[in-house]
There are 2 protein chains.
Amino acid sequence: MARPRQALLTRERIVEAAATLIDAEGLDALSMRRLATELGVQGPSLYNHFATKAEIVDAVAEAVVAQVDIDVFADCDWREGLRLWAKSYHAVLTAHPNIVPVLATGPGRRPHGLAMAEAVYGALIDAGWSRSRATHIGALMRYLITGSALGSFALGFDNDPELYDRYPHLHRAHELPAHRAAVDEGAFELGLDVLIAGLSDHYDQGVRR
Amino acid sequence: MARPRQALLTRERIVEAAATLIDAEGLDALSMRRLATELGVQGPSLYNHFATKAEIVDAVAEAVVAQVDIDVFADCDWREGLRLWAKSYHAVLTAHPNIVPVLATGPGRRPHGLAMAEAVYGALIDAGWSRSRATHIGALMRYLITGSALGSFALGFDNDPELYDRYPHLHRAHELPAHRAAVDEGAFELGLDVLIAGLSDHYDQGVRR
DNA sequence: CGCATAAACTAGCGGCGTAAGTTTTTGCGC
DNA sequence: GCGCAAAAACTTACGCCGCTAGTTTATGCG
């Protein structure tokens with residue numbers, strides 16, 4: 001086949017297929033040949049639309065952050081904005097856990113990532129936080145959100161009772177994977193509550209830098 | 001060369017070389033052939049000592065967590081123990097950032113990882129926290145520590161002023177990479193302070209579950 | 001109508017993890 | 001002291017991988 005009458009590929013179709021593949025089978029399952037097969041095409045054809053594999057993965061990451069709601073800062077208190085944004089971000093990452101390692105490396109050059117940074121940082125600055133404090137708070141929230149999405153805490157424990165025989169306090173740790181969602185959700189909520197309450201106290205006491 | 005009079009490889013030598021390579025050039029630079037070359041040996045010889053590449057990487061991760069000080073819980077308040085442990089963990093990860101993605105996936109079956117979980121969880125239980133709350137706090141601390149180590153927040157921003165022209169609040173974001181260490185350190189310290197202070201308040205008010 | 005461009009193809013390079021089988025040395029049981 | 005299994009290196013090779021180069025053909029613009 002040479003050039004078809006109707007293009008078989010578009011950037012959108014490629015990104016969509018890549019996202020589906022990553023969601024379903026993980027980052028490692030995404031290879032150029034595999035992705036091409038999924039799209040009914042030979043491997044190297046993808047290079048007509050993206051220069052490298054990294055560009056495709058980046059586009060998937062960008063599509064994911066695009067789903068985060070950053071309008072929440074519009075007309076509400078910085079505390080509430082921060083909480084709603086964090087929950088939205090967290091929910092998006094929970095829905096697409098396999099792409100998180102890519103996102104965790106920072107906003108990079110992706111427009112939506114930068115727009116999100118702008119929204120968060122801007123809201124904190126507008127509230128009266130110093131530039132350095134706003135930066136710290138933004139970074140901190142990101143640590144909590146990506147950290148919780150990246151390593152499901154509960155999932156890290158093996159489902160094998162014998163493993164914990166030598167650790168008296170962990171004797172029920174093998175039950176953790178079964179409660180994965182509840183544990184991870186509880187830890188995230190606790191962190192969000194404590195962080196925002198603590199920052200709120202600082203703020204109310206006039207400690208804004 | 002067949003079997004040499006003196007073994008060329010040991011598990012220790014392999015792990016050490018792998019750790020050095022990962023520290024110096026990143027996870028991607030670690031390939032079986034490259035590692036073998038570094039050790040003056042052919043690639044497949046490594047399989048006489050480790051069954052898979054993943055086992056080698058795991059051993060490196062285990063060697064890194066082994067450096068975290070978990071004796072800090074011995075005879076001090078849970079607050080102080082948590083703070084000292086978190087700082088030690090954070091310092092170790094900061095010294096070996098390239099292995100963090102591996103650690104972030106949880107304690108798994110690694111003895112030192114489990115010993116650390118045991119120490120943290122045990123200290124919280126002994127202090128009177130409920131099992132579920134202790135789990136949440138442990139998970140939460142891990143989110144903060146691995147999250148901060150994984151994605152240097154400041155490093156994620158590109159060192160290119162023009163990139164931020166369209167984001168009014170980010171107009172100085174290109175300066176962030178230069179202050180990388182200070183930003184990341186500040187955010188981590190802020191998080192640690194706020195979290196421990198907040199949890200301490202809950203504790204003092206008798207809210208332990 | 002002619003031609004540059006776009007979008008598919010095929011072939012192939014060097015690298016990857018690892019399996020299989022070979023050779024030689026070591027060290028233990030008789 | 002000897003025989004032989006196990007250990008630890010080797011070579012070869014398979015099927016992936018990301019990506020490059022060059023080819024073919026349809027499209028759309030001047």
Side-chain angles (χ1 to χ4, degrees), chain A residues 1-62 98-99 101-102 105 108-110, chain B residues 1-62 98-99 101-102 105 108-110:
Chain A
M1 188 193 328
R3 175 173 182 176
R5 288 145 204 289
Q6 174 68 28
L8 301 177
L9 300 176
T10 63
R11 286 176 69 97
E12 289 72 32
R13 284 220 327 126
I14 293 171
V15 171
E16 195 184 308
T20 303
L21 189 50
I22 290 173
D23 279 346
E25 305 187 32
L27 261 181
D28 290 346
L30 183 77
S31 79
M32 296 302 267
R33 293 177 230 256
R34 171 73 192 278
L35 177 57
T37 300
E38 220 77 38
L39 288 160
V41 128
Q42 297 298 316
S45 299
L46 296 167
Y47 289 94
N48 285 312
H49 303 267
F50 288 92
T52 63
K53 180 187 178 182
E55 268 189 20
I56 298 180
V57 174
D58 240 49
V60 173
E62 173 74 351
N98 295 336
I99 195 70
V102 178
T105 317
R109 306 184 133 266
R110 296 186 279 266
Chain B
M1 188 195 325
R3 174 172 181 175
R5 288 145 205 289
Q6 176 68 27
L8 301 178
L9 300 176
T10 63
R11 286 176 69 97
E12 288 73 32
R13 285 221 323 128
I14 293 171
V15 172
E16 195 183 308
T20 303
L21 189 51
I22 290 173
D23 279 345
E25 305 187 33
L27 261 182
D28 290 347
L30 183 76
S31 79
M32 295 302 267
R33 293 177 231 256
R34 171 73 193 278
L35 176 57
T37 300
E38 220 77 39
L39 288 159
V41 128
Q42 297 297 317
S45 299
L46 296 167
Y47 289 94
N48 286 312
H49 303 267
F50 287 92
T52 64
K53 181 188 179 181
E55 269 188 20
I56 297 179
V57 175
D58 240 50
V60 173
E62 172 74 352
N98 295 335
I99 195 69
V102 177
T105 316
R109 306 184 133 265
R110 297 186 279 265

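To find a chain, count down the sequence lines: A is the first, B the second, and so on, and within it residues start at 1. Quick note: numbers below take in every heavy atom, side chains included, and nothing from hydrogens, waters or symmetry partners. Everything numeric in this text was worked out from a predicted model, so none of it was measured.
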Which donor-acceptor pairs under 3.5 Å do side chains of residues 15-24 of chain A form with protein atoms, sequence neighbours excluded?
{"residue": "A:Thr20", "atom": "OG1", "partner": "A:Glu16", "partner atom": "O", "Å": "2.9"}
{"residue": "A:Asp23", "atom": "OD1", "partner": "A:His96", "partner atom": "ND1", "Å": "3.1"}
{"residue": "A:Asp23", "atom": "OD2", "partner": "A:His96", "partner atom": "ND1", "Å": "2.8"}

Restricting both atoms to N or O, compile the protein contacts to nucleotides 15-19 of chain D shorter than 3.5 Å, with distance only.
{"residue": "D:dC17", "atom": "OP1", "partner": "A:Ser31", "partner atom": "OG", "Å": "2.7"}
{"residue": "D:dC17", "atom": "N4", "partner": "A:Arg33", "partner atom": "NH2", "Å": "3.3"}
{"residue": "D:dG18", "atom": "OP1", "partner": "A:Met32", "partner atom": "N", "Å": "3.4"}
{"residue": "D:dG18", "atom": "OP1", "partner": "A:Lys53", "partner atom": "NZ", "Å": "2.8"}
{"residue": "D:dG18", "atom": "OP2", "partner": "A:Met32", "partner atom": "N", "Å": "2.8"}
{"residue": "D:dG18", "atom": "N7", "partner": "A:Arg33", "partner atom": "NH2", "Å": "2.5"}
{"residue": "D:dG18", "atom": "O6", "partner": "A:Arg33", "partner atom": "NH2", "Å": "2.6"}
{"residue": "D:dC19", "atom": "OP2", "partner": "A:Tyr47", "partner atom": "OH", "Å": "2.9"}
{"residue": "D:dC19", "atom": "OP2", "partner": "A:Lys53", "partner atom": "N", "Å": "2.7"}
{"residue": "D:dC19", "atom": "O5'", "partner": "A:Tyr47", "partner atom": "OH", "Å": "3.3"}

Rounding to an integer number of Å, can you tell me how far A:Gln42 CD sits from C:dG12 C1'?
14 Å
Going by the rule salt bridge (charged side-chain N to carboxylate O under 4.0 Å, His left out), which residues pair with B:Arg34 if we only count those two or more places apart in sequence or in a different chain?
B:Glu25, B:Glu38
I'd like to check the side chain to side chain contact (heavy atoms under 4.5 Å, CB included) partners of B:Thr37; sequence neighbours left out, ordered by chain and number.
none
Taking all atoms of both residues into account, what is the closest heavy-atom pair of A:Arg110 and A:Val102, and its distance?
NH2-O, 3.9 Å
With sequence neighbours left out, what residues match A:Arg33 under side chain to side chain contact (heavy atoms under 4.5 Å, CB included)?
A:Ser31
Using atom names, set out every protein N or O paired with an N or O of nucleotides 5-7 of chain C below 3.5 Å, distance rounded to 0.1 Å.
{"residue": "C:dA6", "atom": "O4'", "partner": "A:Arg3", "partner atom": "NH1", "Å": "3.4"}
{"residue": "C:dA6", "atom": "N3", "partner": "A:Arg3", "partner atom": "NH1", "Å": "3.0"}

Not counting sequence neighbours, which residues clear side-chain hydrogen bond (donor to acceptor under 3.5 Å, both in side chains) with B:Asn98? List them please.
none
Please list all pairs passing the salt bridge (Lys or Arg N to Asp or Glu O under 4.0 Å) test where one or both residues lie in residues 40-50 of chain A, with sequence neighbours left out.
none
Carefully, step by step, assess A:Lys53 and A:Leu30 under the rule side-chain contact (heavy atoms from CB on, under 4.5 Å).
CA-CA 9 Å; A:Lys53 180 187 178 182; A:Leu30 183 77; 4.2 Å; yes
Enumerate the residues from residues 13-20 of chain A whose closest heavy atom to DNA chain D is under 4.0 Å, giving them by residue number; use none for an empty result.
none
Hey, what do you get for CD1 (A:Ile56) to CZ (A:Arg11), rounding to the nearest 0.5 Å?
9.0 Å
Can you pull out how bent the helix from C:dC1-D:dG30 to C:dC30-D:dG1 is, comparing the axes over its first five and last five pairs, to 10°?
0°
Side-chain donor/acceptor pairs under 3.5 Å, residues 40-50 of chain B, sequence neighbours excluded:
{"residue": "B:Ser45", "atom": "OG", "partner": "B:Gln42", "partner atom": "O", "Å": "3.3"}
{"residue": "B:Asn48", "atom": "ND2", "partner": "B:Ser45", "partner atom": "O", "Å": "3.4"}

Separation of C:dA8 atom C1' from A:Phe50 atom CZ, nearest Å, is 17 Å
